[in-house]
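Notes for the one structure printed next.
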Amino acid sequence: MFALLIATLLTTTVSLCNGACSEVDSDTEAVAGKGFKLGCISCKMRPEVEASATVDWYFKAKGEADYAHIYNYNEEGPHIVDERFEDRVDWNGSKRSQDIQDASIYVFNVTFNDSGTYRCFFHRLLTYEFYEYQTVVSKLVHLKVVAKATRGTASIVSEVMMYVSIIGLQAWLYIEMVYCFRKISAAGEEAIRESANAEYLAIASESKDNCAGVQVAE
(Lines give C-alpha, C1' and ligand atoms only; values in the text may rest on other atoms or scores of the structure.)
Protein backbone atom coordinates (compact mmCIF):
# COMPACT_ATOMS: atom_id res chain seq x y z
CA MET A 1 0.00 0.00 0.00
CA PHE A 2 2.74 2.43 0.96
CA ALA A 3 4.80 1.48 -2.13
CA LEU A 4 1.76 2.15 -4.32
CA LEU A 5 1.33 5.57 -2.70
CA ILE A 6 5.00 6.43 -3.34
CA ALA A 7 4.72 5.29 -6.97
CA THR A 8 1.63 7.43 -7.47
CA LEU A 9 3.37 10.48 -5.99
CA LEU A 10 6.40 9.95 -8.21
CA THR A 11 4.21 9.59 -11.29
CA THR A 12 2.46 12.82 -10.43
CA THR A 13 5.76 14.58 -9.82
CA VAL A 14 7.33 13.69 -13.14
CA SER A 15 4.24 14.31 -15.27
CA LEU A 16 4.82 17.04 -17.81
CA CYS A 17 2.10 19.67 -17.79
CA ASN A 18 2.24 23.15 -19.27
CA GLY A 19 6.02 22.94 -19.60
CA ALA A 20 6.60 21.85 -16.00
CA CYS A 21 9.25 19.16 -15.60
CA SER A 22 10.97 17.41 -12.72
CA GLU A 23 13.92 15.03 -13.08
CA VAL A 24 13.57 11.82 -11.07
CA ASP A 25 15.98 8.90 -11.20
CA SER A 26 14.77 5.60 -12.55
CA ASP A 27 14.10 2.55 -10.39
CA THR A 28 16.96 0.06 -10.65
CA GLU A 29 15.47 -3.28 -9.55
CA ALA A 30 13.21 -5.34 -11.80
CA VAL A 31 11.50 -8.67 -11.16
CA ALA A 32 12.01 -11.48 -13.67
CA GLY A 33 8.89 -12.18 -15.70
CA LYS A 34 7.35 -8.80 -14.88
CA GLY A 35 7.31 -5.50 -16.73
CA PHE A 36 9.64 -2.64 -15.84
CA LYS A 37 9.85 1.06 -16.63
CA LEU A 38 13.29 2.39 -17.51
CA GLY A 39 13.05 6.04 -16.55
CA CYS A 40 14.95 8.77 -18.35
CA ILE A 41 14.01 12.44 -17.91
CA SER A 42 15.90 15.53 -19.06
CA CYS A 43 14.29 18.92 -18.43
CA LYS A 44 15.04 22.02 -20.45
CA MET A 45 16.72 24.81 -18.51
CA ARG A 46 14.29 27.32 -20.07
CA PRO A 47 10.81 25.83 -20.62
CA GLU A 48 9.70 28.77 -22.77
CA VAL A 49 12.26 27.96 -25.49
CA GLU A 50 10.89 25.92 -28.39
CA ALA A 51 12.67 22.63 -28.91
CA SER A 52 12.55 19.24 -30.57
CA ALA A 53 14.39 16.08 -29.63
CA THR A 54 15.14 12.52 -30.65
CA VAL A 55 16.07 9.72 -28.26
CA ASP A 56 18.40 6.74 -28.43
CA TRP A 57 18.73 3.93 -25.89
CA TYR A 58 21.85 1.75 -25.50
CA PHE A 59 22.40 -1.38 -23.43
CA LYS A 60 25.54 -3.04 -22.04
CA ALA A 61 24.89 -6.45 -20.49
CA LYS A 62 26.89 -7.78 -17.58
CA GLY A 63 30.28 -9.01 -18.76
CA GLU A 64 30.15 -7.08 -22.02
CA ALA A 65 32.53 -4.24 -22.84
CA ASP A 66 30.53 -2.26 -25.39
CA TYR A 67 27.08 -0.72 -25.56
CA ALA A 68 24.58 -1.96 -28.14
CA HIS A 69 22.03 0.35 -29.74
CA ILE A 70 18.61 -1.06 -28.81
CA TYR A 71 15.98 1.65 -29.37
CA ASN A 72 15.33 4.91 -31.21
CA TYR A 73 12.49 7.40 -31.00
CA ASN A 74 12.08 10.37 -33.37
CA GLU A 75 9.39 12.36 -35.18
CA GLU A 76 8.45 9.22 -37.15
CA GLY A 77 7.88 7.19 -34.00
CA PRO A 78 9.62 4.33 -32.17
CA HIS A 79 12.02 1.81 -33.67
CA ILE A 80 13.45 -1.26 -31.90
CA VAL A 81 17.00 -1.76 -33.13
CA ASP A 82 18.19 -4.80 -31.13
CA GLU A 83 16.38 -8.10 -31.79
CA ARG A 84 16.80 -9.10 -28.13
CA PHE A 85 14.15 -6.51 -27.32
CA GLU A 86 11.87 -7.18 -30.29
CA ASP A 87 8.21 -6.90 -29.26
CA ARG A 88 9.30 -6.29 -25.65
CA VAL A 89 9.80 -2.52 -25.54
CA ASP A 90 7.17 0.20 -25.65
CA TRP A 91 7.55 3.98 -25.57
CA ASN A 92 6.53 5.38 -22.15
CA GLY A 93 7.75 8.96 -22.46
CA SER A 94 6.46 12.30 -23.79
CA LYS A 95 3.53 11.95 -26.17
CA ARG A 96 2.00 14.16 -28.85
CA SER A 97 5.03 16.45 -28.80
CA GLN A 98 8.43 16.64 -30.48
CA ASP A 99 9.67 18.53 -27.40
CA ILE A 100 10.65 15.32 -25.62
CA GLN A 101 11.66 15.67 -21.97
CA ASP A 102 10.58 12.24 -20.74
CA ALA A 103 12.27 9.43 -22.71
CA SER A 104 11.19 6.53 -20.52
CA ILE A 105 10.55 3.11 -22.07
CA TYR A 106 8.70 0.08 -20.74
CA VAL A 107 10.23 -3.40 -21.00
CA PHE A 108 7.84 -6.36 -20.97
CA ASN A 109 8.67 -9.82 -19.61
CA VAL A 110 12.02 -8.88 -18.05
CA THR A 111 14.64 -11.65 -18.01
CA PHE A 112 17.87 -12.05 -16.05
CA ASN A 113 19.72 -11.31 -19.30
CA ASP A 114 18.33 -7.78 -19.13
CA SER A 115 20.55 -6.99 -16.14
CA GLY A 116 23.20 -4.44 -16.97
CA THR A 117 23.67 -0.76 -17.75
CA TYR A 118 21.26 1.26 -19.89
CA ARG A 119 22.05 4.64 -21.33
CA CYS A 120 19.65 7.04 -22.98
CA PHE A 121 20.62 10.04 -25.11
CA PHE A 122 18.60 13.18 -25.77
CA HIS A 123 19.56 14.90 -29.03
CA ARG A 124 17.82 18.22 -28.48
CA LEU A 125 17.55 21.15 -30.88
CA LEU A 126 16.74 24.47 -29.18
CA THR A 127 15.16 27.08 -31.42
CA TYR A 128 15.78 30.73 -30.57
CA GLU A 129 14.65 33.81 -32.48
CA PHE A 130 17.80 34.18 -34.59
CA TYR A 131 19.60 30.85 -34.26
CA GLU A 132 19.39 27.17 -33.26
CA TYR A 133 21.47 25.29 -30.72
CA GLN A 134 22.10 21.54 -30.54
CA THR A 135 22.62 19.77 -27.21
CA VAL A 136 23.19 16.15 -26.19
CA VAL A 137 22.25 14.86 -22.74
CA SER A 138 22.75 11.30 -21.48
CA LYS A 139 21.45 9.39 -18.46
CA LEU A 140 22.54 6.06 -16.95
CA VAL A 141 20.40 3.32 -15.38
CA HIS A 142 22.06 0.35 -13.67
CA LEU A 143 19.44 -2.38 -13.75
CA LYS A 144 19.42 -5.45 -11.52
CA VAL A 145 16.94 -8.26 -12.23
CA VAL A 146 15.87 -10.37 -9.23
CA ALA A 147 13.62 -13.38 -8.81
CA LYS A 148 11.49 -11.73 -6.11
CA ALA A 149 10.81 -8.12 -5.27
CA THR A 150 12.65 -6.74 -2.25
CA ARG A 151 12.10 -3.55 -0.34
CA GLY A 152 14.82 -1.02 -1.02
CA THR A 153 16.54 1.03 1.64
CA ALA A 154 14.97 4.21 0.31
CA SER A 155 11.48 2.73 0.70
CA ILE A 156 12.18 1.68 4.29
CA VAL A 157 13.66 5.08 5.21
CA SER A 158 10.69 6.86 3.60
CA GLU A 159 8.20 4.80 5.59
CA VAL A 160 10.11 5.40 8.84
CA MET A 161 10.20 9.13 8.15
CA MET A 162 6.46 9.09 7.46
CA TYR A 163 5.72 7.52 10.85
CA VAL A 164 8.16 9.90 12.58
CA SER A 165 6.36 12.83 10.96
CA ILE A 166 2.96 11.52 12.08
CA ILE A 167 4.17 11.02 15.67
CA GLY A 168 5.78 14.47 15.67
CA LEU A 169 2.56 16.05 14.39
CA GLN A 170 0.49 14.29 17.04
CA ALA A 171 2.89 15.44 19.77
CA TRP A 172 2.69 19.02 18.50
CA LEU A 173 -1.11 18.91 18.44
CA TYR A 174 -1.15 17.53 21.99
CA ILE A 175 1.13 20.34 23.20
CA GLU A 176 -1.05 22.91 21.45
CA MET A 177 -4.19 21.46 23.04
CA VAL A 178 -2.63 21.55 26.54
CA TYR A 179 -1.42 25.12 25.97
CA CYS A 180 -4.84 26.27 24.74
CA PHE A 181 -6.62 24.50 27.61
CA ARG A 182 -4.36 26.16 30.18
CA LYS A 183 -4.79 29.53 28.52
CA ILE A 184 -8.58 29.20 28.45
CA SER A 185 -8.58 27.94 32.04
CA ALA A 186 -6.44 30.88 33.18
CA ALA A 187 -8.68 33.32 31.32
CA GLY A 188 -11.74 31.76 32.98
CA GLU A 189 -10.22 32.04 36.45
CA GLU A 190 -9.28 35.66 35.78
CA ALA A 191 -12.82 36.41 34.65
CA ILE A 192 -14.21 34.79 37.82
CA ARG A 193 -11.86 36.85 39.99
CA GLU A 194 -12.79 40.04 38.20
CA SER A 195 -16.49 39.22 38.58
CA ALA A 196 -16.03 38.47 42.28
CA ASN A 197 -14.10 41.71 42.81
CA ALA A 198 -16.76 43.69 40.99
CA GLU A 199 -19.50 42.08 43.08
CA TYR A 200 -17.54 42.76 46.29
CA LEU A 201 -17.07 46.40 45.36
CA ALA A 202 -20.76 46.73 44.55
CA ILE A 203 -21.76 45.24 47.93
CA ALA A 204 -19.24 47.44 49.74
CA SER A 205 -20.52 50.53 47.98
CA GLU A 206 -24.12 49.64 48.79
CA SER A 207 -23.25 49.09 52.47
CA LYS A 208 -21.51 52.45 52.64
CA ASP A 209 -24.54 54.19 51.16
CA ASN A 210 -26.80 52.47 53.68
CA CYS A 211 -24.58 53.59 56.57
CA ALA A 212 -24.65 57.17 55.32
CA GLY A 213 -28.46 57.07 55.14
CA VAL A 214 -28.72 55.81 58.69
CA GLN A 215 -26.45 58.61 59.99
CA VAL A 216 -28.53 61.29 58.23
CA ALA A 217 -31.73 59.88 59.69
CA GLU A 218 -30.32 60.08 63.21
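Since we're looking at a predicted model, the values are computed, not measured.
Judged by distance alone, with hydrogens and angles left aside, the side-chain atoms of Asn74 form a donor-acceptor pair with the main-chain N or O of Glu76 at under 3.5 Å. Panel note: side chain Ser94, backbone Asp102; a donor-acceptor pair is recorded below 3.5 Å. Under a 3.5 Å cut-off, the side chain of Thr117 and the backbone N or O of Lys60 do not form any donor-acceptor pair. Under the 3.5 Å distance criterion, the side-chain polar atoms of Glu75 are left unmatched by any main-chain donor or acceptor of Gln98. Ser104 places a side-chain N or O within 3.5 Å of a backbone atom of Cys40 that can act as its donor or acceptor partner. Although no hydrogens or angles enter the test, the distance criterion places a donor-acceptor pair under 3.5 Å between the side chain of Lys44 and the main chain of Val49.
Here the shortest heavy-atom pairing between Leu38 and Leu143 reads CD2-CD2, 4.4 Å. The two residues Arg119 and Tyr67 come nearest to each other via the heavy atoms CB-CE2, 4.1 Å. Scanning both residues, Gly39 and Trp57, for their nearest heavy atoms gives O-CH2, 4.1 Å. When all heavy atoms are compared, the tightest approach of His69 to Asp56 is NE2-OD1, 2.8 Å. Across all their heavy atoms, Asn72 and Val81 have their closest contact at N-CG2, 4.4 Å. Contact detail for Phe59 and Gly116: the closest heavy-atom pair is CE1-CA, 3.9 Å.
Taking hydrophobic clusters as Ile, Leu, Val, Met, Phe, Trp and Tyr residues chained together by side-chain heavy-atom distances below 4.5 Å, Tyr131 shares a cluster with Leu126. Hydrophobic clustering (side-chain heavy atoms under 4.5 Å, transitive across Ile, Leu, Val, Met, Phe, Trp, Tyr) groups Val89 together with Val145. Note on Ile105: it clusters hydrophobically with Tyr73, by side-chain heavy-atom contacts below 4.5 Å among ILVMFWY residues. Linking ILVMFWY side-chain heavy atoms closer than 4.5 Å, directly or via other members, places Val141 and Val137 in a single hydrophobic cluster. Each of Val31 and Phe85 belongs to its own hydrophobic cluster when Ile, Leu, Val, Met, Phe, Trp and Tyr are linked at side-chain heavy-atom distances under 4.5 angstrom.
Using modelled atom types, one finds no donor on one side chain facing an acceptor on the other under 3.5 Å when comparing Thr111 with Asn113.
With a 6.0 Å radius and a threshold of 12 heavy atoms from other residues, nucleotides or ligands, Asp25 has its CG atom at or below the threshold. No more than 12 heavy atoms of other residues, nucleotides or ligands sit less than 6.0 Å from atom NZ of Lys34. No more than 12 heavy atoms of other residues, nucleotides or ligands shown are found within 6.0 angstrom of NZ on Lys183. For Glu50, the CD atom sits in a loose shell: 12 or fewer heavy atoms of surrounding residues, nucleotides or ligands are nearer than 6.0 Å. Residue-environment remark: CD (Gln134) exceeds the threshold of 12 foreign heavy atoms within 6.0 Å.
Taking the six-membered ring for Trp, Phe108 and Tyr106 have ring centres closer than 6.0 Å.
Side-chain contact between Ser42 and Arg124: present, with at least one pair of heavy atoms (C-beta onward) separated by less than 4.5 Å. Here the side chains of Val55 and Phe122 are in contact, with some heavy-atom distance below 4.5 Å.
Taken to the nearest 0.5 Å, the OH atom of Tyr118 stands 13.0 Å off from the CG atom of Leu140. Atom-to-atom distance recorded for Asn109:CG and Asp87:CG is 11.5 Å, nearest 0.5 angstrom. Considering CD of Gln101 and SG of Cys43, their distance stands at 5.5 Å, rounded to 0.5 Å. With rounding to the nearest 0.5 angstrom, the OG1 atom of Thr28 is 9.5 Å from the NE2 atom of His142.
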**Request:** Would you please test Ile100 and Trp91 for side chain to side chain contact (heavy atoms under 4.5 Å, CB included) and show each step?
**Result:** CA-CA 12 Å; Ile100 300 172; Trp91 179 252; 4.0 Å; yes

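With sequence neighbours excluded, the residues that form a side chain to side chain donor-acceptor pair (under 3.5 Å) with Glu48 are Arg46.
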